[in-house]
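Small disclaimer: the values here were computed from a predicted structure and weren't measured. Just so it is clear, the values below take in all heavy atoms, side chains as well, and ignore hydrogens, waters and symmetry mates.
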Amino acid sequence: MSKQGTIVQWNHHKGFGFIRPQAGGDNVFFHVSALAERQSRPRINERVYYQLGTSQNGKIAAKSVQFVKSHSGMYKYTAPMSKAQGFSVLFLALVAGWVWLARCPYWVLIGYICLSIVTFAVYAHDKRAAQKDAWRTKEASLHLLAVLGGWPGALWAQKILRHKSQKQPFKAILWLTIIVNITLFMLMFTPFGAHFMHNMAAYVSNII
């Protein structure tokens, strides 16, 4: 039987919150996975319908949480920018500045943007496939897109689509691909990288 309550606490980054029952009593815990509209961000003082169940640790928790007033389709894009999203924006801004200073070719920035769009689209396709129990995109393919330069799109897809955002092994490998890609960018398009590569080449030639 559905109950009514009001959201009194919500941690967007950790994906959980608490509902104050309309009938009174202790606040009820709920996880983002219990939301019927997972693309929408819960709001404080928002009224919801829910059912009582248990969490993975056996404690009482809200299940099948539905907003009394359904959110608009664009609301999922209005959530605060995460640190990961901000990092990707900062990096692309730095690349754009490097291009403007003629330190690297313009196609590098275009490549990052295009690959990010493609990567976001692949994440969206994979999420639809997961929901329909259809053929999935291999994680190795997602990581390959990231290491080639599509990682900003991957970070935005994780936040907006809530896809591959909770699986820790996947997230760890994703950040490893980000480090590899940024390292390659620095080696190829920065004075530090050029100096390092020159020294490495000289060192190898001396050994040979």
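- The shortest distance between side-chain heavy atoms of Phe170 and Glu139 falls below 4.5 Å.
- For the residue pair Thr190 and Leu187, the shortest heavy atom distance occurs at OG1-N, 4.5 Å.
- Pro42 and Leu35 get closest at one heavy-atom pair: CG-CD1, 3.7 Å.
- The environment of Ile60 atom CD1 is sparse: at most 12 non-hydrogen atoms of other residues, nucleotides or ligands sit within 6.0 angstrom.
- Under the side chain to side chain donor-acceptor pair (under 3.5 Å) criterion, Arg20 pairs with no residue at all, not counting sequence neighbours.
- Heavy atoms only, all atoms of each residue included: His31 and Gly15 are closest at CD2-O, 3.4 Å.
- Counting only heavy atoms from C-beta outward, the side chains of Thr137 and Leu142 approach each other to under 4.5 Å.
- Between Arg47 and Lys69, every side-chain heavy-atom pair lies at or beyond the 4.5 Å cut-off.
- With ring centers used as reference points, Phe91 lies 6.0 Å or more from Trp98.
- Considering only heavy atoms from C-beta on, Tyr106 stays 4.5 Å or farther from Trp100 through its side chain.
- For the atom pair CD1 of Ile44 and CD of Gln9, the computed distance is 7.0 Å after rounding to the nearest 0.5 Å.
- Using a distance-only test at 3.5 Å, with no hydrogens or angles considered, no donor-acceptor pair links the side chain of Lys3 to the main chain of Pro21.
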- Task: Apply the test side chain to side chain contact (heavy atoms under 4.5 Å, CB included) to residues Leu155 and Ile178: give CA-CA distance (whole Å), side-chain angles for both, the deciding distance (0.1 Å), then the verdict.
- Result: CA-CA 10 Å; Leu155 294 179; Ile178 292 173; 4.1 Å; yes
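- Ring geometry for Phe189 versus Trp107: interplanar angle over 60°, hence perpendicular rather than tilted (30 to 60°).
- In terms of heavy-atom proximity, Gln51 sits nearest to Ser2 at NE2-OG, 3.9 Å.
- Looking at Val180 and Thr177, their side chains never come closer than 4.5 Å, going by heavy atoms from C-beta outward.
- With hydrophobic clusters built from ILVMFWY side chains whose heavy atoms lie under 4.5 angstrom apart, Ile110 shares a cluster with Leu101.
- With sequence neighbours excluded, no residue satisfies side chain to side chain donor-acceptor pair (under 3.5 Å) with Tyr123.
- In terms of modelled atom types and a separation under 3.5 Å, the side chain of Lys159 and the main chain of Gln85 share no donor-acceptor contact.
- Residues Met186 and Tyr112 are members of one and the same hydrophobic cluster, defined by side-chain heavy-atom contacts under 4.5 angstrom among Ile, Leu, Val, Met, Phe, Trp and Tyr.
- Taking hydrophobic clusters as Ile, Leu, Val, Met, Phe, Trp and Tyr residues chained together by side-chain heavy-atom distances below 4.5 Å, Ile179 does not share a cluster with Phe185.
- Looking at Val32 and Trp10, their side chains come closer than 4.5 Å, going by heavy atoms from C-beta outward.
- Using a 4.5 Å cut-off between side-chain heavy atoms of Ile, Leu, Val, Met, Phe, Trp and Tyr, with links allowed through other members, Leu90 and Trp175 fall into different hydrophobic clusters.
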- Task: Determine, stepwise, if the pair Leu148 / Asn181 fulfils side chain to side chain contact (heavy atoms under 4.5 Å, CB included).
- Result: CA-CA 7 Å; Leu148 289 177; Asn181 178 265; 5.8 Å; no
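- Between Val99 and Pro105, the closest heavy-atom pair is CG2-O, 3.7 Å.
- With a 6.0 Å radius and a threshold of 12 heavy atoms from other residues, nucleotides or ligands, Arg103 has its CZ atom at or below the threshold.
- Grouped with Phe29 in one hydrophobic cluster are Val8, Phe16, Phe18, the linkage being side-chain heavy-atom contacts under 4.5 Å among Ile, Leu, Val, Met, Phe, Trp and Tyr residues.
- For Phe67 and Tyr49, the distance between ring centers is not under 6.0 angstrom.
- Atom NZ of residue Lys63 and atom CG of residue Leu52 lie 11.0 Å apart, to the nearest 0.5 angstrom.
- Scanning all heavy atoms of the two residues, the minimum distance from Ala62 to Ala34 falls at O-CB, 3.4 Å.
- Contact of the Trp151 side chain with the Trp156 side chain is not registered, since no non-hydrogen atoms from C-beta on lie closer than 4.5 Å.
- Put simply, Phe87 and Ile173 are part of two different groups of oily side chains (I, L, V, M, F, W, Y) that touch within less than 4.5 Å, one to the next.
- Between His143 and Leu174 there is a side-chain heavy-atom pair separated by less than 4.5 Å.
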- Under the side chain to side chain contact (heavy atoms under 4.5 Å, CB included) rule, what do Val65 and Ile19 come out as? Steps first, then yes or no, please. CA-CA 10 Å; Val65 180; Ile19 299 171; 4.3 Å; yes
